[in-house]
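Structure first, commentary second.
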Number of protein chains: 2
Amino acid sequence: MAEHECVQLVPIFSELGSEQLDIIESIVRHHHYPAGSTLFGADDPLDSLMIVAYGQVKVYQLAANGREQLLYLLQTGDIDGEAALFENQRRTSFGEALVPTDVCSIRRSDFQDLMQKYPSISIKVLNVFGKRLNQLERQTTSTATESVEARLANYITETAAALKTYTFKLSLKKKDLATFLGTTPESISRKLALFERQGLITQKPGKVIEINDADQLLLTE
Amino acid sequence: MAEHECVQLVPIFSELGSEQLDIIESIVRHHHYPAGSTLFGADDPLDSLMIVAYGQVKVYQLAANGREQLLYLLQTGDIDGEAALFENQRRTSFGEALVPTDVCSIRRSDFQDLMQKYPSISIKVLNVFGKRLNQLERQTTSTATESVEARLANYITETAAALKTYTFKLSLKKKDLATFLGTTPESISRKLALFERQGLITQKPGKVIEINDADQLLLTE
DNA sequence: CGGATGTTTGACTCGAATCAAAAACGGTGG
DNA sequence: CCACCGTTTTTGATTCGAGTCAAACATCCG
């Protein structure tokens, strides 16, 4: 059954046997969100763990001045970035589906029972958080100390590396990419045009980018 | 015995009985670091959990252009910010003692055994990481979207709130505070002078700051 | 096809970094 | 306890990256 998928998808349950997966499946709830809809908002009670079964979710915060900061882009198989699941806290970020998205959720208390019963789950979750912390540490370092040019060049090469191809489609609108990199859509536009003039990349229709000189791109300051 | 302290200090062990604390104490190693010394560097193998028994440790990263970004300031009772303890990874950050510091460490494998034996520990660690993620998310949002002025105003009010006093001593040199806030020592100096001219704060000898108008400070854009 | 949404380009402004030098501070040893 | 030296901080002058605003242009989708 299609609905079994989300539990199997998620690495945090990977060490469990299929009987245990059945148990988990029985306590999971399924939701569907159309593109553009809100999964959760700041101040919502944080009472369940979310698993993205299919789709793409942007998780962002609002600064005091109202500006948006994209923190994570959750893909199929990712779990919700909110880390305070284990305490009684409210959310501090917003989640929005970028494409039609299926989500499974497990209530906090159920998930805590699971962690008590299967300690391997907590260790897996710890690893997920660990990776996220590392990613966020690098993001912080980079927005705080590097130029827009360098950050964008970095984003392009990292995305290409993750997809193992030199030609790929930007999965975000420039506006969202801008809030991710801590800049503006205009600046991104200009810098991409600059990279193209320098012969480092080629922009093709449909937000597709081809990297011509990855080495030089990485040297961008 | 004084050396028992570090295990008792740490909230992650708070639910354990004293017999269990004894066991943990027996597998812990003690280290001392003079002010200015390095606890660990990038590329060091990450093979143990560190607990700050006494002192202050700055944890920072280097950006590609060589600039420093302060990520955390570990105080007495904090555990090491490196999140990838549970996988076989290398460090990506540096740790430096700002004052003479005592540290206890537990080897990775020992700590993993502890987590298997006492699941409450993993949940506590999860909470610590969760808080750190939240803090880092706010830091990222703030450096990426707010002005130096707003970030500094925020830092001052938050520090005061944490210490529950309007008069406090800056625990960092301006150079370190600058890398934390993603700016330069010169800018901090100027902005503090500005706040003082505006009557929001008073600067006193010994890096002491007194807040005169917390409300107005928070409104700084 | 047409309107809305997203993107590019241009002109302008401004915050904050940089560089340089003076001033203040703080720890050390005599 | 004070004088001294290195470090930290402040102040000033200047530069520059990148944000803002506005308008033209492209693209997407119903």
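Labels below follow one simple rule: chain letters A, B, ... track the order of the sequence lines, proteins then strands, and each chain is numbered from 1.
- Using a 4.0 Å heavy-atom criterion, one finds that Gln203(B) contacts the sugar-phosphate atoms exclusively.
- Aromatic ring orientation, Tyr60(B) versus Phe94(B): parallel (interplanar angle below 30°, classes split at 30° and 60°).
- In this structure, Arg67(A) reaches the sugar-phosphate backbone alone: every heavy-atom distance under 4.0 Å involves primed, P, OP1 or OP2 atoms, never a base.
- Phosphate proximity of dA17(C) to Thr184(B): present, with a side-chain N or O under 4.0 Å from OP1 or OP2.
- Phosphate proximity of dT8(D) to Lys174(B): absent, as no side-chain N or O sits under 4.0 Å from OP1 or OP2.
- Glu221(A) has its CD atom 12 Å from the P atom of dT18(C), to the nearest Å.
- For Lys175(B) and dT8(D), the shortest distance from a side-chain N or O to OP1 or OP2 is not below 4.0 Å.
- For Lys173(B), the listed nucleotide lying nearest its side chain is dT8(D); candidates were dT8(D), dT11(D), dA17(C).
- In terms of polar N and O atoms assigned as donor or acceptor, the side chain of Arg190(A) never comes within less than 3.5 Å of the base of dG19(D) in a complementary pairing.
- For the pair Lys207(A) NZ and dT7(C) P, the interatomic distance rounds to 5 Å; values are reported in whole Å.
- Within the structure, a side-chain polar atom (N or O) of Ser187(A) is placed less than 4.0 Å from OP1 or OP2 of dG19(D).
- Side-chain nitrogen and oxygen atoms of Thr183(A) include none within less than 4.0 Å of the OP1 or OP2 phosphate oxygen of dA18(D).
- Remark: Lys191(B) is not in phosphate contact with dG15(C), judged by side-chain N or O atoms under 4.0 Å from OP1 or OP2.
- Atom OH of Tyr166(B) has 12 or fewer neighbouring heavy atoms from other residues, nucleotides or ligands inside a 6.0 Å radius.
- Taking the six-membered ring for Trp and thresholds of 30 and 60 degrees, Phe180(A) and Tyr155(A) have ring planes more than 60 degrees apart, a perpendicular arrangement.
- Here the P atom of nucleotide dT7(C) and the CG atom of Leu152(A) are 13 Å apart, to the nearest Å.
- Glu68(A) CD to Gln61(A) CD: the interatomic distance, rounded to the nearest 0.5 Å, is 11.0 Å.
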